[in-house]
Trainee: 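Here it is: the structure, laid out below.
We name chains A, B, ... by the order of the sequence lines, and we start the count at 1 in each one. The figures here come from the full heavy-atom set of this structure, side chains too, leaving out hydrogens, waters and symmetry mates.
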Amino acid sequence: MRVSRIWGALAGAGVALTIGAAAHAGGVNRITGAGSSFAYPLYSAWADQYSKQTGVQLNYQSIGSGGGIRQIEAGTVDFGASDAPLKEAELKKQGLVQFPAAMGGVIPTIHVPGVKPGQMVLSGKVLADIFMGKITKWNDPAIKKLNPGLNLPDLHITVVHRSDGSGTTYIFTNYLAKVSPQWKAKLGFGKAVQWPSSGNVGGKGNEGVAAYVDRIKGAIGYNEYAYVLKNKMNYADMINKAGHRVGPTAKNFAAAAANADWAHAPGYYLMLTDQPGADSWPITGATFVLVHANPKNPAQVKAVLKFFDWGFKDGQKIAGSLDYIAMPMSVVKMIQKTWQDQVKHNGRPVWQAD
Amino acid sequence: MNDSSAIAETSSGLHPVTAARLRRGRRGDVLFRWATQTFAWLVLLVLGAIIVVLFRGGWPAFEHFGAHFFVSSSWNPVTGDYGAASSILGTLVTSAIAIVLAVPISFGIALFVTEIAPRWLRRPIGIAVELLAGIPSIIYGIWGLFIFAPWFADDVQPLLSNTLGKIPWIGQLFQGPPIGLGWAVAGFILTIMIIPFIAAVMRDVFEVVPVTLKESAYAMGSTRWEVARKVVLPYTRIGVIGGIMLGLGRALGETMAVTFVVGNAHDLHLSLFMPGNTIASSIANEFTEADTLMHRSALIALGLILFAITFIVLALAKWMLVRMERAQGESA
């Protein structure tokens, strides 16, 4: 009797909440976002399905991570998207809340005559030396030692990098800085760095790098996994932290992601590069979403949170089909708690996930 | 002003309807004058506003780096150290290549179309040149990257490296990895892009040379080259220089096509075959992702420098014209 009354009250409150939520969200039929071009295919696929189900449309400008951060700070969009996470202090200063939306891998792409995709393997140190201009020929002893079975040509290595600032570069250079102390000291990491080797080439966007690697004999670049798959690019395997040879597969990205200790990362500031684990792909990264902690337009932000909640749950299949790694449910639970604790209007959560 | 008051005086003695029409006409005149004046001032206003905005945006970079900004080729977003030297040099070198190659070719085209070609051929060639001018620059960029650069890298560049590249001193201009991306290819693509502009202007001004002048020269026994060199060119030099400046202006500011083939590396070197960059392509590449104040400011400062370069080029052209006119006056 008592139990059922409590349940009844709870159910009633639940219904009231849902109705309230529906009425509130009913006013919002368009949310706006801007930023990461890496995440753009995923968000637009999610938005397409989501608007069919709910009528809420997403207007997303794929202007790059830096632009996304600028626009959310200026408050011209409901959410910003960035592949490079902001540090906790920066979040606090700007009054922003950050959470990861999906994960993916960055792959060294190569153009070496006579070498087929996945035949070559590189270590982090060798990769760093190539991009620093210390290894300049494909038949360098360091590469030969890793690939004793391959017939490597006496060919000049042309380094291809991103000419625009990019989350892909952020993830890639973060990895190189972790595995090569010299890289860390000389170059550091960021959305753009001062590429050291003379005669290197910069391509605009993932497409630009892909086009140059395809064009130039002896080139090496780095691309998002989706571009490698779509353009059937030639790539190299990597040796990971555990010393195993791994290929760029969704399974190996997920292995790296599973290691990620999101619970102990303040503001979800976490780089997934060089993770332990036998199968972990070493150059893995996440793409992030930024919303205001105390939004002036709570109804809009609520619609944003609902959209990503839907994406985490119902959008997993879409993410997989586009070669992104969906966030594991344990992490989604953490993110929901973050929303509840940190995204507030007048001291009350903007939205509570169920 | 004097004219209109004169009309007013004479109109007083006219038939009332005519006078009213004249008054209306005068009002229209005043209105028209105001409207055109406003448009003209608007140009100056916009120009001034652009300078102010560029200067204010670029000031943090100028203030922080000082003269170092112009001579350093460092471009390091991680440490926030920026220098414009590689971009400035790239802009000047690619535009210089384009002008050096495009001017003689355009001159040849214009001369052929106006003087030498049979009548039935003139119009088709003229229209073809104008059509070339209408092709969007991105098309030239794509063509440059996928068709021209590979051919240049595989067939032309090794040849040049093995011949011109062996000459002491200037040889280093022609050394570099055969990848087909760099100053040289960017300059060639720019050449093709500005030829139609220069050629079209040259053809138009060559056509207005009075036939009697040319016929007189021919009658004196001049060859075609002598007529072109000593009659056509002096008569049209203002127009010709105007056309060259138009082409140079386009080459200096061209963005997309250059970004495709220049290689986009902030790298200071002396080889035409090594990847470099230009001011316009640096801005196009990096502006969207420049999220620190100094990075954005450095890019806007680059914009101001490009503005200044264009201004200096135009001023030089004007000065040259004035000098030429004076020399002409003295010799005459």
Side-chain angles (χ1 to χ4, degrees), chain A residues 34-37 61-71 73 80 82-84 86 136 155-167 169-170 173 177 184 186-205 208-209 211-212 214-219, chain B residues 72-83 86 141-142 144-154 175-182 255-256 259-271 273-277 281-293 295-296 299:
Chain A
S36 159
S37 50
Q61 308 161 33
S62 166
I63 55 172
S65 299
I69 293 171
R70 272 215 299 281
Q71 291 222 7
E73 282 175 3
S82 170
D83 304 329
L86 291 182
T136 58
L155 187 63
H156 179 80
I157 301 179
T158 301
V159 167
V160 182
H161 56 78
R162 289 284 288 268
S163 63
D164 48 342
S166 136
T169 303
Y170 191 90
T173 53
K184 192 176 177 184
K186 268 170 104 174
L187 290 132
F189 65 94
K191 291 204 293 281
V193 299
Q194 181 156 20
W195 298 98
S197 69
S198 192
N200 60 45
V201 175
K204 188 162 168 59
V209 172
Y212 287 146
D214 186 49
R215 254 280 304 119
I216 301 167
K217 251 181 241 145
Chain B
S72 158
S73 70
S74 168
W75 194 267
N76 192 337
V78 177
T79 57
D81 183 25
Y82 301 100
S86 66
I142 293 171
L145 176 60
F146 289 108
I147 314 281
F148 185 77
W151 171 75
F152 187 81
D154 295 342
Q175 292 297 348
I179 51 180
L181 300 168
T255 310
M256 264 350 274
T259 305
F260 267 79
V261 293
V262 78
N264 303 313
H266 288 280
D267 214 1
L268 199 63
H269 50 72
L270 284 175
S271 169
F273 294 160
M274 294 273 266
N277 63 6
S281 71
S282 295
I283 297 174
N285 270 317
E286 294 176 31
F287 203 75
T288 47
E289 291 277 355
D291 50 3
T292 63
L293 172 76
H295 195 176
R296 224 175 321 156
L299 290 172

Trainee: Pick one of side chain, backbone, both or neither for B:Leu145, based on which atoms fall under 4.5 Å of a heavy atom in chain A.
Mentor: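 It is both, since atoms from each part get that close.
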Trainee: Heavy-atom distance under 4.5 Å to chain B: side chain of A:Lys191, backbone, both or neither?
Mentor: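 Only the side chain of A:Lys191 comes within 4.5 Å of chain B.
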Trainee: Please identify, among A:Ile216, A:Thr158, A:Ile69, the residue contributing the most non-hydrogen atom pairs under 4.5 Å to chain B.
Mentor: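 Counting heavy-atom pairs under 4.5 Å, the top option is A:Ile216.
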Trainee: Taking atom types as modelled, is there a side-chain donor on B:Ser74 or B:Asp81 under 3.5 Å from an acceptor on the other?
Mentor: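 On atom types as modelled, these side chains qualify, holding a pair under 3.5 Å.
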Trainee: Can the ring centres of B:Phe152 and B:Phe273 be said to be less than 6.0 Å apart?
Mentor: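 For B:Phe152 and B:Phe273, the ring centres are under 6.0 Å apart.
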Trainee: Which bit of B:Ala149 comes within less than 4.5 Å of chain A, counting heavy atoms only: side chain, backbone, both or neither?
Mentor: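 The answer is both parts of B:Ala149.
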Trainee: Which residues pass the ring pair (Phe, Tyr, Trp, His ring centres under 6.0 Å) test with A:Tyr170, not counting sequence neighbours?
Mentor: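 Scan of A:Tyr170 (ring pair (Phe, Tyr, Trp, His ring centres under 6.0 Å), adjacent residues dropped) gives A:Phe189.
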Trainee: Using distance alone, with no hydrogens and no angle criterion, decide if B:Asn264 and B:Asn285 have a side-chain donor and acceptor under 3.5 Å apart.
Mentor: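 Yes - a donor-acceptor pair under 3.5 Å links their side chains.
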Trainee: May I ask you to test the A:His161-A:Thr169 pair for a side-chain heavy-atom distance under 4.5 Å?
Mentor: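 Result no, sub-4.5 Å side-chain heavy-atom pair not found.
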Trainee: At a 4.5 Å cut-off on heavy atoms, which part of A:Ala211 comes close to chain B: side chain, backbone, both, or neither?
Mentor: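 Looking at A:Ala211, just its side chain touches chain B.
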Trainee: Do you know which of A:His156, A:Arg215, A:Lys204 has the most heavy-atom pairs with chain B at a distance under 4.5 angstrom?
Mentor: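 It is A:Arg215.
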Trainee: Counting only heavy atoms closer than 4.5 Å, note whether B:Leu181 contacts chain A via side chain, backbone, both or neither.
Mentor: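 The side chain, not the backbone.
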Trainee: Return the CD to OH distance between B:Glu286 and B:Tyr82, rounded to the nearest 0.5 Å.
Mentor: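 So the gap between those two atoms works out to 7.5 Å.
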